[in-house]
Structures are given as structure tokens and as C-alpha cells.
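Worksheet: one structure, shown below.
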Amino acid sequence: MCGISGTYSTCHAFPLDNAVSSLEGDLRASIQAMAHRGPDSFGTFYEVFEGGSVGLAHARLSIIDIEGGHQPLYDDANSVHAVVNGELYDYAVIRKRLEQEGCVFTTSVDSELLIHLYKVYGLDSILHLRGEFAFILYDKQRRMIFAARDRFGIKPLYYTLLDGGKKLLLASEMKALVPLGWKPEWDVESIVQLGEFIDDRTVFKGVYKLPPAHQLIFRHTGRLKVEPYWDHSYNSPDVPESRSLEEMIDGVQKRLVDSVKARLRSDVPLGVYLSGGIDSAVVAGIASKLLKEGSPETKLNTFTLAFPDRAELDEGPIAKRMAESIGAVSHLITPTEADLVSYFEKSVYHSEQPVHTLNGAGKMILSEYVRRHGFKVVLSGEGADEVFAGYSFYLADYLSAVDHAAVDLGIPLPTSSELFMALKEFEGKKLPQDHLSLSQVDPEATNSSRPLGGIYFPKVLSTAGFDNQVFSQDIIDKVGSPDHSLNIAERLNARARTDIVSRKYHPLHCALHTCMHTSLPNFVLNLLGDRMEMSNSVEGRPPLLDHHLVEYANSLPP
Ligand SMILES: Nc1ncnc2c1ncn2[C@@H]1O[C@H](COP(=O)(O)OP(=O)(O)OP(=O)(O)O)[C@@H](O)[C@H]1O
Ligand SMILES: NC(=O)CC[C@H](N)C(=O)O
């Protein structure tokens, strides 16, 4: 992955010469702050004009077209400039189509697609993008910044407004905003309310994450617009499914194989993060098979964080057996507890969010090993639990309503009273995810504490939040006592809330929808994904989070 940053100011900047050299210096310092994201090359574009200035900066981790793919990118008329972080798939097909429309490509790097797509489709270009990405594009003629983030929030992008809204700053990491003029200040309300984990806030005042599947437009008039270009949707819970089970299994398999295949495109060595479960095993199995189809001697490299002294946690032996069974090479990395502790502080610095586990430190040690052994790209099983309801606590929402959509599938379905009994029994059980709790969830609570139509997910997720006792009384007096499950519900966009509360979807789908907008992008993909990988210049690609696959999975009955 790369690091990108950008600035657009609608303030007069004179004298011009001084403004140019200070802008250039600021951009260089900004990119330097994220040099770990892209140590291979650096590039800037900047322009000072009457009534404002614009700057883009890029730190490159070269993956595709190593020689030719430097950024910022620009069109032949020099009127569109862009910096892109991430991978855009379906390159060959889209390029061919664009060439038929008269576009002339100057490199073979996937990122160049954005420039031509924008020239042909304007803002609709975003709908043609498949992959994990964040970009900032400047349209000189329209004096406009257009930025966006992938559908799941795999790649980060932060923004803030300065000078009373006259200056926009954007960057992959918040530390890169400082050289551009931003002065950090804690956002105590956001910290108390878990804004970092549940919505677009960060721990700093005035700095926001561009939410997943959102685009940002900033015009010379100072008008800022942030809006979604895509969202998850699910079928009606009352309409019986007409596809057979076999058809649906084939549908998932076909899209999953296609997703892994797209993500094997790389001009540098690539491996798989293999843990002990089915998610990464599926990815590794498909990747190994596809590689061997291309060249039978090729061996996939798998990387596993193992804890031989803690048998109950250790995924090493099963991952090793899995690697052997698919003809892959297994690398086991075995950090000690002291190693994890010594990486903790760095994991906070790189994730830029409150961290209360050593998981991030583990992931950082893993990516450090991967990079040291010459690999720049890893495929992972991230997102599978969120797309396919893998966490045990989802069972509560699944059991909350009869699955009418499945009536014709030939699977014996429980009646509503059987569901009710199963739910009661489940509520009393300890969850394997022991940092979360179902027992604290009271489904009989009054209306005001039944956000999102009473689904379990916000309440289960809120039990992972900080206890009120963490904060001093004067802070609580100032910002109010936080109710995390209410916050989770209220910070979802209004459209999503309406769909959920009106029971347009089955409660399980409502829970998955909520997770896609909260813990997946803000915790899993940030702390455990991109930021720990990029701290060591390793690009992560999660094939389970491909929008063709996810749209299909979302269409399946609960
Ligand atoms: N110990 C580990 N070693 C290597 N990779 C890991 C490890 N733990 C997690 N990962 C990577 O991160 C992904 C998400 O991990 P997480 O623990 O959230 O999911 P999981 O459902 O347990 O995954 P899986 O079913 O693959 O074990 C995994 O699929 C894997 O690619
Ligand atoms: N690391 C990245 O974000 C890669 C950007 C682009 N795909 C390249 O190979 O240069």
C-alpha cells in the first residue's frame, strides 16, 4: 500500500514564490511522516494560483509496474491529477474498454485506471472500481477535489477542514496532517463515546475518517460534500428464496475463486496470512491451486503467528498441517509475551486509536517477519466473519425471527416458539469471544434502550467498550454518561437506521449491516489490518471483502 495526502486551500497565498516553496516543503514532510507506507519512491504535485493552492503527495510501495507506476498520476492535458493507495482489479478488461473509447495509457500500473475512468465517467468513475483503495483526485478545470474510499474501509483516509472551512486536508494517516498545518487536540467526547470505533469520528477534534463506500467532494467555493456511493442491502425476509442450495453454494464458490484470482495479480512476492480457521484456509487453498495451475512447481508461502507455549491459543500446528495439505510452505512466527509487550506502544502509534489488546502488536510482528523475508503482499481471511456471520454472538439475532426466506430450501426450520427457547438457552451461555457478553443484554428492556429495533448486535458490541469508571467524574459531567449501544445505533446513517428499524431485513442481516459500518472498518480493518501491515510496508488484500462476492452473500437467506 501507499501513503497519500493532499491539501486544497481557497485562501489567497501571496507572495507566490514563498507559497510554492512552503507548500512543497509541507507536502514532503507530510509524506515523510508516512514513509513506512511506501518507502520505494516519493512524488508530489502542487500548484499555487490566484485565490488558492492545491497539493498532492504520494509515498509508493511499488506492487504493479515497478518501473513505470510512479505517482502522482496525471492526464495528457495536465488537468486531472491523482494519488491512489491500493489495488484496482479487473485492470485488463477495464483498460481494454477505455482504450476502445480512445484513452491512451502511459503505464501498466492499475492506479492509472482512475485517471481515465474519471475523464470518461466523471464522478461515476467510482462505480467502476473494484478492490481496496483510497484516492485523492484534483480536477483543475472544475477546481475540485474528489476523494473516495473502498466499499469496506480496507484502506484508510482522514480529512479535516482548517481556516474556517477554507482549507481541506486529507491523508492516509493522521500524523501526515500535522506538517500540512493541522494542530491535534483531543476530542474528549468522541473518546468517551467510542467515536473512534463506532462512527466517523477519531480521537482528535475535527478530524474525520471518510467512511467506507463514501466519496468526498470539495469545491473552490468551500463547499464540502461527503456522501455514500454504495451500501449493503439484503433481500426481504418474507420472500421465499427461489434458488436451490446447490446453486447458492456454487454462486459463492465461483465469486470467491474469482476474487482470489484477481488478488493474485502482483509483480512482487505474495503470501497468505494463515491462521487456524476456515477463512484463511479457504483463501490459501484457492490461491495455492490457482498458482499451481499456472505453474505446478510454484509453492505458496503461508505465514502464521504461533504460540507454542499457550496450547489453547496456538494456531501453529493446524496451520502447518493445512499448509502441508495444499502443498504450501509454512512459516511459523513465535513471539514471546515480552515481544508482544514491547511492540504494544508501536501498535498504538501506527493505529492512531485506543488499543486495549496485544492483537495489533502480534500482527505487527507478523508483518515485520513477512517484509524481512522479501514479501510485500499478503492475502488474508479478514471480513469473512462479518460477511458470513461467523461470530457466535450473531446467533442471538439469527434466533430472533423465523427465516421465512428459507422455507422452500428443504431445511427443517424451527417454529417461533422453538426459536424463543433456543434463544433463552443461548443467552445463558458463555461466548467464545469472551471479551463480549450476551448476559449483559436485556432483550426486555424499555424502548429507549432498544436501539435499532432491539437487535442484539449493538448491545453485544457495546460490552467491549470502556467502562464509565475509566473516566473522571468531571469528564462524564461535561459530555454525559455514555450509552454505547445507543451511540452505535444513533451514529449509523439515517437511511441504514430506517431500514433496520422497519425490519426491512431479517435481524441477522440488520446485525451484519451494523457491523459493516462499525467494528469491521474501525477496528478489524484498521488496527488488525492495514495499519499493522503498513507499519512494515506490507500490502494486505482480503479476498472475502470483494464487493461482487459480498453482494451475492448479502442476497442469501439468513
Ligand atoms: N495467528 C495468525 N497467524 C496468521 N494470520 C492470522 C492470525 N490470526 C489472524 N490472522 C489473519 O487475519 C485474518 C482474520 O483473523 P481473525 O482472527 O479475525 O479471523 P478468524 O475467523 O479466526 O480467521 P480464520 O478462520 O482464518 O482463522 C485471518 O483469516 C488470517 O488471515
Ligand atoms: N501500494 C500501493 O498502494 C500500490 C499502488 C499501485 N497499485 C502500485 O503498484 O504502485
Side-chain angles (χ1 to χ4, degrees), residues 1-4 37-41 43 58-71 73 83-89 91 107-114 131-135 154-155 172 265-268 271-285 287 302-307 310 313-316 318-320 322-323 330-335 357 359 362-363 365-367 369-370 376-392 432-433 519-520 523-525 527-530 532-534 537-545:
M1 287 296 135
C2 305
I4 57 176
R37 293 190 72 85
D40 297 332
S41 70
H58 188 258
R60 182 167 187 228
L61 178 65
S62 321
I63 306 289
I64 307 281
D65 190 2
I66 310 297
E67 293 303 317
H70 302 293
Q71 300 197 31
L73 301 150
V83 281
V84 185
N85 167 205
E87 298 300 326
L88 308 178
Y89 302 115
Y91 173 80
T107 73
S108 307
V109 72
D110 56 309
S111 318
E112 193 185 340
L113 287 179
L114 176 68
E132 41 276 341
F133 58 82
F135 68 79
I154 301 163
K155 294 295 124 208
S172 307
R265 181 175 186 239
S266 172
D267 292 342
V268 295
V272 172
Y273 278 172
L274 181 64
S275 42
I278 188 166
D279 307 335
S280 49
V282 163
V283 171
T302 64
F303 300 90
T304 305
L305 209 51
F307 301 94
R310 296 281 302 274
L313 291 176
D314 191 18
E315 302 186 285
I318 188 165
K320 195 159 184 285
M322 175 58 64
S330 167
H331 301 254
L332 295 186
I333 298 96
T334 53
T357 76
N359 296 6
K363 281 291 192 71
I365 292 171
L366 184 64
S367 62
Y369 176 97
V370 165
K376 272 183 162 181
V377 179
V378 286
L379 269 51
S380 76
E382 269 161 358
D385 292 325
E386 289 79 1
V387 176
F388 292 99
Y391 298 123
S392 58
Q433 286 86 11
S519 50
L520 176 70
F523 178 69
V524 174
L525 297 176
L527 172 64
L528 304 181
D530 175 87
M532 297 305 114
E533 287 145 9
M534 286 311 303
S537 318
V538 171
E539 173 174 293
R541 300 177 176 178
L544 273 308
L545 291 176

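Each ligand, and each atom within it, is numbered from 1 in the order the structure gives. Residues take their numbers from the sequence shown, with the count starting at 1.
- The residue from Thr107, Leu113, Val109, Asp110 that puts a heavy atom closest to atom 7 (N) of ligand 2 is Asp110.
- Per-residue contacts place Arg60 under 4.0 angstrom from the following atoms of ligand 2 (heavy atoms of the residue considered): 8 (C), 9 (O), 10 (O).
- When each atom of ligand 2 is checked for a heavy atom of Ile64 under 4.0 Å away, the hits are 8 (C), 9 (O).
- For Ser111 and Gln71, the side-chain atoms include at least one donor-acceptor pair closer than 3.5 Å.
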Please test Arg37 against Asp530 for salt bridge (charged side-chain N to carboxylate O under 4.0 Å, His left out), starting from the C-alpha separation and ending with a verdict.
-> CA-CA 10 Å; Arg37 293 190 72 85; Asp530 175 87; 2.9 Å; yes

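- With ligand atoms numbered from 1 in the order given, ligand 2 contributes 5 (C), 6 (C), 7 (N) to contacts under 4.0 Å with heavy atoms of Ser111.
- Which parts of ligand 2 touch Glu87 is read off a 4.0 Å heavy-atom cut-off, strictly below it: atoms 4 (C), 7 (N).
- Arg265 forms no cation-pi arrangement with Tyr89, by the criterion of a distance under 6.0 Å to the ring centre and an angle within 45° of the ring axis.
- Within the 4.0 Å heavy-atom criterion, both parts of Cys2, backbone and side chain, lie near ligand 2.
- Among residues two or more places apart in sequence or in another chain, the salt bridge (Lys or Arg N to Asp or Glu O under 4.0 Å) test is passed with Glu533 by none.
- Residue-to-ligand polar distances place Leu61 within reach of ligand 2: an N/O pair is separated by less than 3.5 Å.
- Near Asn85, meaning under 4.0 Å from one of its heavy atoms, ligand 2 places the atoms 3 (O).
- Among all heavy-atom pairs drawn from Ala59 and Gly38, the shortest one is CB-O, 3.4 Å.
- With sequence neighbours excluded, the residues that form a salt bridge (Lys or Arg N to Asp or Glu O under 4.0 Å) with Asp40 are Lys376.
- Taking every heavy atom of both residues into account, Ser330 and Ala323 meet most closely at CB-CB, 3.7 Å.
- For the pair Tyr273 and Leu366, the minimum side-chain heavy-atom distance is below 4.5 Å.
- Under the rule for a ring-ring contact (aromatic ring centres under 6.0 Å, His included), His70 has no partner lying at least two apart in sequence or in another chain.
- For ligand 1, the protein residues placed under 4.0 Å by at least one non-hydrogen atom are Tyr273, Leu274, Ser275, Gly276, Gly277, Ile278, Asp279, Ser280, Phe303, Thr304, Leu305, Glu315, Lys363, Leu366, Ser380, Gly381, Glu382, Asp385.
- A distance-only check finds no donor-acceptor pair linking the side chain of Thr302 to the backbone of Val272 [under 3.5 Å].
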